[in-house]
Amino acid sequence: MASAQPPTDGTLARAALPALEQDPVSLLTSEGIGSNGWALGADRSSNANSLLLGNPHFPWDGELRFFEQHLQIPGELNVTGATMMGFPAILIGFNERLGWTHTVSQSKRFTLYQLTLDPDNPLRYRYGDQWREMSQKQITVQVRQADGSLQPHVQTLYGSHFGPLVNLASLSPTLGWTRNSAISLRDANAGNYRMLEQWLAMAKAQSTPAFFDALAAHQGVPWVNTLLVDKTGQASYVDATLVPRLGARAEAWWRAASQTPQLAPIWQDGEGSVLLPGNDPDFEWMDSGQTRTPGLVPLSQAPRQTRSDYVYNANSSHWLTNLASPLEGYSILYGPEQTVRSPRTRYNAQLISAPDAMGLTGADRRFTLQTLQQVLTHNGSLFARELREPLLARCEAHPLIQLTGGPLDLTPSCKALANWDGEYQLESRGAHLMREWLTAFRTSGHRDIKDELFAIPFNPAQAATTPNGLAPWRGAPDQDPALLALAQAQQRLQAAGIAPDAALGTLQFVQKAAGLSPIPLPGGHSFEGLFNMVQTNLPSRSTSSLANIVTGKAVAGTTLRSLDDDGDGQAELRYRANYGSSFVLALQFDANGPRAERFLSYGQSHDPESPHFTDQTELFARQQWQPMRFTDEEIAAHRERTLHLKVPRVARP
């Protein structure tokens with residue numbers, strides 16, 4: 001908003017602010033923030049009425065860290081779980097009868113509008129058959145100068161009747177402010193101050209209908225799906241976020257426009273944003289009279305499902321919340337239907353729909369609390385199952401690749417792939433080689449991996465298992481994209497002094513504070529098709545070219561980093577984690593009520609002097625679940641100390 005400034009002399013205006021140091025794609029997407037969520041009903045639970053697995057993926061530093069807490073108001077509220085700094089209610093957790101988790105929704109909470117400007121005045125825009133004046137507001141901030149003094153800086157913010165103007169020129173020059181057009185944003189969450197009331201009402205609900213009544217009454221969920229289980233054995237999903245309601249013409253226009261070469265980069269397979277014409281009133285939000293904020297989709301028209309078997313979400317759209325019963329016919333602003341799912345969503349779908357084939361359950365496909373926990377801790381991956389063997393076969397058939405700089409022997413990579421257990425455990429050898437290989441095929445958009453990698457294309461009727469297989473290559477082995485990418489990965493590892501068969505635990509870690517020993521971590525990235533997400537210092541998308549390997553040129557987009565945290569000149573650890581699985585909840589309801597275990601990956605304390613600064617991180621690294629105390633008896637038996645707070649009465653004047 002601050003860098004959206006009018007043009008001068010027919011050129012793009014230069015913002016009076018420093019350039020944003022951010023991947024332009026991430027300006028429009030929620031890349032980097034995600035989650036897995038499972039809700040299992042009575043038909044898929046063993047020795048329990050229902051089961052819940054919550055696995056939000058959030059930063060391990062800053063204001064988005066989760067903290068564990070238990071809130072009680074006798075006779076009114078009894079809820080435990082986790083929340084974020086500054087928010088007093090439980091965001092993810094359970095009470096005596098209900099448990100819930102959230103995943104980042106793919107629905108759109110804002111729409112971009114492209115304004116048609118007056119050629120004689122870039123501060124006027126066309127709307128219908130009239131010209132409208134932009135609003136202007138000056139903001140003053142104090143800026144520290146080089147000599148330490150403070151000087152006021154005045155910045156003008158501009159807006160249309162839709163909302164503020166924004167500058168997205170870093171994504172595309174046509175999305176900046178030119179003589180002909182500018183971009184304005186309308187936000188469905190503008191004025192949404194109902195989060196506290198919303199989550200308190202959810203925590204007080206004692207049944208699934210009461211929970212949905214709380215959603216309908218407050219309409220305060222800003223940007224997450226909700227997955228819910230109850231004590232009776234029901235599992236539910238709903239995208240209750242605040243979503244704009246478009247008319248039929250606008251819906252049809254965007255469905256077509258989002259597939260064009262011009263606007264597909266904005267849509268990003270549904271992971272990005274919506275750009276609508278701002279000069280036509282038909283593209284305004286349509287009010288139903290049923291929402292607290294005008295122009296939004298009523299909860300009654302949102303994607304929703306309650307079942308006795310399962311529902312799940314891993315940040316793809318609502319479409320395949322249950323593979324046997326797709327949710328279809330909803331607004332495109334809830335995300336696309338019958339389109340390719342992300343690798344992590346496909347792996348979630350296979351784990352939950354056929355856990356017997358994945359070695360998690362018996363033939364009845366029923367989970368216990370313990371087998372549900374293994375969904376996270378087994379640290380398997382989609383591409384280990386689908387691509388390792390065909391890649392190994394191709395590598396063993398052609399181990400010597402002729403590059404411009406000379407021949408490269410792929411035998412070390414072949415051996416590493418052959419001996420890799422297909423998992424991302426601390427002791428797994430070769431997992432990092434698969435990671436480095438996959439980076440050559442990364443692409444923008446929700447699909448994460450280029451279609452050209454796969455032998456079998458996406459099929460909506462088999463969305464959990466397609467695309468898959470390694471695309472065949474009938475040309476010279478020295479030109480095989482798969483082998484060239486493997487050569488690229490091996491060269492990077494060799495340059496960093498890392499063996500292709502090194503153990504993941506020697507490479508992937510979290511550094512809690514300077515001077516402390518690194519803590520090795522299992523897990524991996526979403527694009528690798530893992531459930532347990534531990535994101536490290538990777539670029540958001542690879543920009544490397546396979547042609548660079550053939551010519552011997554330096555490769556951009558490398559995933560490795562040389563790190564020397566203790567200053568001894570040795571750089572032994574290369575993947576530094578700062579994001580991923582955070583508060584992980586495994587919950588069951590049976591006749592005795594709730595029982596839960598959890599991880600808090602980065603720990604409860606953020607103070608390096610605290611004895612609890614690293615304890616839970618070390619438990620997470622060893623994949624040792626910890627019990628959540630809920631009953632008064634459990635709490636009393638494990639209490640360490642009690643602090644009583646009194647609010648002094650202040651005499652009124």
Side-chain angles (χ1 to χ4, degrees), residues 343 381-422 428-444 448-457 467-504 507 525 527-529 538-539 541-562 571 574-575:
S381 74
L382 177 71
F383 295 129
R385 294 178 61 86
E386 295 185 354
L387 297 180
R388 184 181 70 91
E389 290 188 5
L391 177 60
L392 173 60
R394 199 170 297 182
C395 181
E396 291 178 336
H398 305 286
L400 196 64
I401 296 295
Q402 186 66 42
L403 307 176
T404 301
L408 180 69
D409 185 1
L410 292 177
T411 299
S413 292
C414 298
K415 290 182 178 179
L417 289 172
N419 294 324
W420 179 34
D421 61 9
S428 296
R429 295 182 174 274
H432 63 296
L433 177 63
M434 175 63 79
R435 173 180 298 168
E436 295 293 324
W437 178 72
L438 283 169
T439 59
F441 301 98
R442 293 206 67 193
T443 187
S444 298
D448 253 337
I449 301 294
K450 295 177 181 177
D451 295 340
E452 302 88 75
L453 177 63
F454 302 104
I456 300 173
N468 67 32
L470 184 61
W473 179 255
R474 297 179 177 84
D478 297 336
Q479 302 297 318
D480 182 351
L483 292 180
L484 290 175
L486 192 60
Q488 173 185 352
Q490 180 173 305
Q491 286 183 328
R492 280 203 303 274
L493 293 171
Q494 288 176 341
I498 299 173
D501 64 348
L504 185 63
L507 305 173
H525 297 78
F527 78 86
E528 297 176 271
L538 288 170
R541 294 288 188 266
S542 174
T543 57
S544 61
S545 169
L546 293 178
N548 292 334
I549 292 297
V550 179
T551 61
K553 295 180 180 178
V555 178
T558 177
T559 64
L560 293 166
R561 300 290 186 273
S562 295
R574 268 59 174 205
Y575 300 113

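Arg574 places a side-chain N or O within donor-acceptor distance of the main-chain N or O of Ala496, the cut-off being under 3.5 Å.
Nearest approach of Ile401 to Pro477, heavy atoms of both residues: CD1-O, 3.8 Å. Here the closest heavy-atom approach between residue Gln488 and residue Arg492 is recorded as NE2-NH1, 2.8 Å. Closest of all the heavy-atom pairs between Leu392 and Leu417 is CD1-CB, 4.1 Å. The shortest non-hydrogen separation linking Phe441 to Pro481 is CZ-O, 3.7 Å. The two residues Leu486 and Trp437 have their closest heavy-atom pair at N-CD1, 3.3 Å. What you find for Pro343 and Asp448 is that their closest heavy atoms are CD-CB, 3.7 Å.
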field: Check against side chain to side chain contact (heavy atoms under 4.5 Å, CB included), His432 and Tyr575
entry: CA-CA 9 Å; His432 63 296; Tyr575 300 113; 3.7 Å; yes

- request: Give the intermediate values and the outcome of side chain to side chain contact (heavy atoms under 4.5 Å, CB included) for residues Leu433 and Leu493.
  value: CA-CA 8 Å; Leu433 177 63; Leu493 293 171; 3.8 Å; yes

Trace of the side chain to side chain contact (heavy atoms under 4.5 Å, CB included) decision for Glu528 with Met434: CA-CA 8 Å; Glu528 297 176 271; Met434 175 63 79; 5.6 Å; no

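Seen from the ring of Phe527, Arg442 counts as a face-on cation partner, given the 6.0 Å and 45° thresholds.
In this structure, CG on Asp478 lies 8.5 Å from CG on Leu483, to the nearest 0.5 angstrom. The CZ atom of Phe383 sits 6.0 Å away from the CG atom of Leu438 when rounded to the nearest 0.5 Å. Leu504 CG to Asp421 CG: the interatomic distance, rounded to the nearest 0.5 Å, is 10.0 Å.
Between Asp501 and Trp420, every side-chain heavy-atom pair lies at or beyond the 4.5 Å cut-off. Side-chain contact between Leu453 and Leu387 is present, with at least one heavy-atom pair separated by less than 4.5 Å.
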Show me, pair by pair, the donor-acceptor contacts under 3.5 angstrom made by side chains of residues 405-414, not counting sequence neighbours?
residue : atom : partner : partner atom : Å
Asp409  : OD1  : Thr411  : N            : 3.0
Asp409  : OD1  : Thr411  : OG1          : 2.6
Ser413  : OG   : Gln490  : OE1          : 2.6

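Residues in residues 389-405 take part in these salt bridge (charged side-chain N to carboxylate O under 4.0 Å, His left out) pairs, two or more places apart or across chains: Arg394-Asp480.
In this structure, a donor-acceptor pair under 3.5 Å is absent between the side chains of Ser381 and Arg435.
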